[in-house]
Amino acid sequence: MAPSYAGARAVVLGASGFIGGWVARKLDQAGAETYSIVRDATRVSAPPDRIFEADLEKPDVLDAIFEQIRPCIVFNLAGYGVDPSERDENLLRLERLNALLPRSVCEAMAQWKEPKWPGQHVAHVGSALEYGSAGGDLREDGPAIPTTVYGKTKLRGTQAVTECAKRLGLRAVTARLFTVYGPGEHAGRLLPSLAEAARTLSIVELTAGLQQRDLTYIEDVADGLLSLGLSSAEPGWVVNLATGQLNTVRCFAETAAGVLGIPDGKLKFGAIPTRGEEMRHEPVSIDRFRRITGKISLIGIEEGIRRALNYEC
């Protein structure tokens with residue numbers, strides 16, 4: 001029988017975040033019994049009996065929660081270091097949330113998972129920064145050479161999921177995400193900054209914008225994660241979840257400016273330096289994602305920007 005989320009007990013770690021919130025919303029729409037594990041319960045909107053407050057930096061905190069829920073699947077979107085406000089390189093927090101937590105998730109699921117569930121037990125979210133300086137056409141079975149502390153700790157988390165899947169007989173998959181945008185992004189990111197500039201008619205200082213990115217609309221990402229959760233991906237596989245197409249940051253900014261009606265001259269490209277850790281690579285390989293899910297993202301950046309700007313909760 002093909003797996004379905006209808007009635008399935010699904011846990012989302014990091015449900016108060018940008019991507020985690022969308023995954024929880026999509027699970028609800030699919031009929032899942034969705035549970036959110038967050039640090040602050042006031043940041044999520046869900047029935048009180050479906051929210052668990054927990055400090056995920058503490059070891060073994062998940063055992064008691066999973067024993068109570070007996071999850072079918074866990075989506076791990078908890079992490080630290082991707083948001084601009086988290087660029088303090090808190091090494092202990094990076095280590096606990098990015099490198100150690102994925103192992104704890106897998107070990108708790110191996111003990112308390114729902115045995116009759118036919119899909120994946122763990123859908124872990126990795127990062128493009130795990131590839132680091134690998135360059136070229138990024139493939140999951142190619143090299144991963146992270147150059148940042150964030151990328152290095154995320155890679156260790158991904159490796160822990162792969163190791164646990166094989167050692168514990170767990171169906172677990174890691175989705176490597178690239179540049180995700182859409183409604184719900186944190187202030188300070190590119191699209192919210194451009195939307196604010198359109199309201200205030202202020203000047204936006206930007207890098208030269210020549211770096212190329214695989215820009216993926218948030219609903220495509222959330223839908224893709226749910227598809228991976230129902231897929232027959234091999235235990236421990238890493239899967240790129242992206243569009244397979246590159247656009248420059250400048251192209252994205254200029255497209256958004258056109259949609260927003262930002263006057264010419266308000267975008268000051270080259271006004272700030274490009275960060276040294278910016279990745280350079282060719283198009284991302286999405287063959288594995290397409291093969292195991294039968295899906296591919298079709299939302300282009302202009303349509304994605306329009307959807308984001310017109311979205312109503």
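Here, residue 1 is the first one in the sequence, and each next residue gets the next number. What you see is a predicted model; the values in this text were computed from it and never measured. What you see below is based on every heavy atom in this structure, not just the backbone, and it leaves out hydrogens, waters and symmetry mates.
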Note: with side-chain heavy atoms under 4.5 Å as the link, the other cluster members for Ile51 come out as Val38, Val44
ring-ring contact (aromatic ring centres under 6.0 Å, His included) pairs touching residues 21-57, sequence neighbours excluded, are Trp22-Tyr311
Glu53 and Arg39: salt bridge (charged side-chain N to carboxylate O under 4.0 Å, His left out), yes or no, with the steps?
-> CA-CA 5 Å; Glu53 269 191 347; Arg39 184 183 292 271; over 6 Å; no
Taking the side chain as everything from C-beta on, heavy atoms only, tell me whether Pro183 gets closer than 4.5 Å to Ile218. yes
Nearest heavy-atom contact between Pro71 and Phe66 is CD-O, 3.6 Å
Taken in chain and number order and not counting sequence neighbours, the residues that satisfy side-chain contact (heavy atoms from CB on, under 4.5 Å) with Ala160 are Arg103
- So do Val239 and Leu241 actually touch side chain to side chain, heavy atoms under 4.5 Å? no
Taken in chain and number order and not counting sequence neighbours, the residues that satisfy side-chain contact (heavy atoms from CB on, under 4.5 Å) with Arg139 are Asp137, Asp141, Ser285, Asp287
Applying side-chain contact (heavy atoms from CB on, under 4.5 Å) to Glu95 and not counting sequence neighbours gives Ala99, Leu100, Thr153, Arg156
>> Quick check: do Glu107 and Leu168 have side-chain heavy atoms less than 4.5 Å from each other?
In response: yes
Mind listing the side-chain donor-acceptor pairs of residues 230-238 below 3.5 Å, one per line with the distance, residues two or more places apart or on another chain?
from	atom 1	to	atom 2	distance (Å)
Ser231	OG	Leu228	O	2.7
Ser231	OG	Ala233	N	3.3

Nearest heavy-atom contact between Ala208 and Thr274 is N-OG1, 4.4 Å
Residue pairs meeting side chain to side chain donor-acceptor pair (under 3.5 Å), one or both in residues 251-270, sequence neighbours left out, come to Arg250-Glu254
>> Around atom CZ of Arg43, are there more than 12 heavy atoms from other residues, nucleotides or ligands closer than 6.0 Å?
In response: no
Those residues at least two apart in sequence (or on a different chain) that pass ring-ring contact (aromatic ring centres under 6.0 Å, His included) with Tyr181 are Tyr217, Phe252
By salt bridge (Lys or Arg N to Asp or Glu O under 4.0 Å), Arg306 pairs with (sequence neighbours left out) Glu302
Review item, side-chain donor-acceptor pairs of residues 122-133, under 3.5 Å, at least two apart:
from	atom 1	to	atom 2	distance (Å)
His124	ND1	Asn76	ND2	3.0
Ser127	OG	Leu129	N	3.0
Glu130	OE1	Thr158	OG1	3.0
Glu130	OE1	Arg176	NE	2.9
Glu130	OE1	Arg176	NH2	2.9
Glu130	OE2	Ser127	N	2.8
Glu130	OE2	Thr158	OG1	3.1
Tyr131	OH	Arg176	NH1	3.2
Tyr131	OH	Asn240	OD1	2.8
Tyr131	OH	Asn240	ND2	3.4

For Ile37 and Ala54, the nearest pair of non-hydrogen atoms, with its separation, is CG2-CB, 4.0 Å
query: Under 3.5 Å, is there a donor-acceptor pair between the side chain of Asp214 and the main chain of Gly244?
result: yes
Heavy-atom closest pair (Gly79 atom, Asn98 atom, distance to 0.1 Å) is CA-OD1, 3.3 Å
Pairs of donor and acceptor atoms involving the side chains of residues 8-20, under 3.5 Å and at least two apart or interchain, shall be tabulated with distances.
from	atom 1	to	atom 2	distance (Å)
Arg9	NE	Ile69	O	2.9
Arg9	NE	Arg70	O	2.8
Arg9	NH2	Arg70	O	2.8
Arg9	NH2	Glu114	OE1	2.9

Checking the side chain of His121 only, and the main-chain atoms of Arg171 only, is there a donor and an acceptor separated by less than 3.5 Å?
yes
Between Tyr80 and Leu94, the two heavy atoms sitting closest are O-CD2, 3.1 Å
Any side-chain heavy-atom pair of Arg96 and Arg93 under 4.5 Å
no
| N/O donor-acceptor pair under 3.5 Å between Glu196 side chain and Ser193 backbone | no
Heavy-atom check, side chain of Thr207 versus side chain of Pro273, under 4.5 Å: no
Closest heavy-atom pair, Leu191 versus Ala308, reported as atoms and distance to 0.1 Å, is CD2-CB, 3.8 Å
* Asked: With a 4.5 Å limit on heavy-atom distance, are the side chains of Thr243 and Val284 in contact?
  -> no
Subject >> Residues, nucleotides or ligands: over 12 heavy atoms within 6.0 Å of Gln245 CD >> reply: no
Sequence neighbours excluded, the answer for side-chain contact (heavy atoms from CB on, under 4.5 Å) partners of Glu205 is Ala271, Ile272
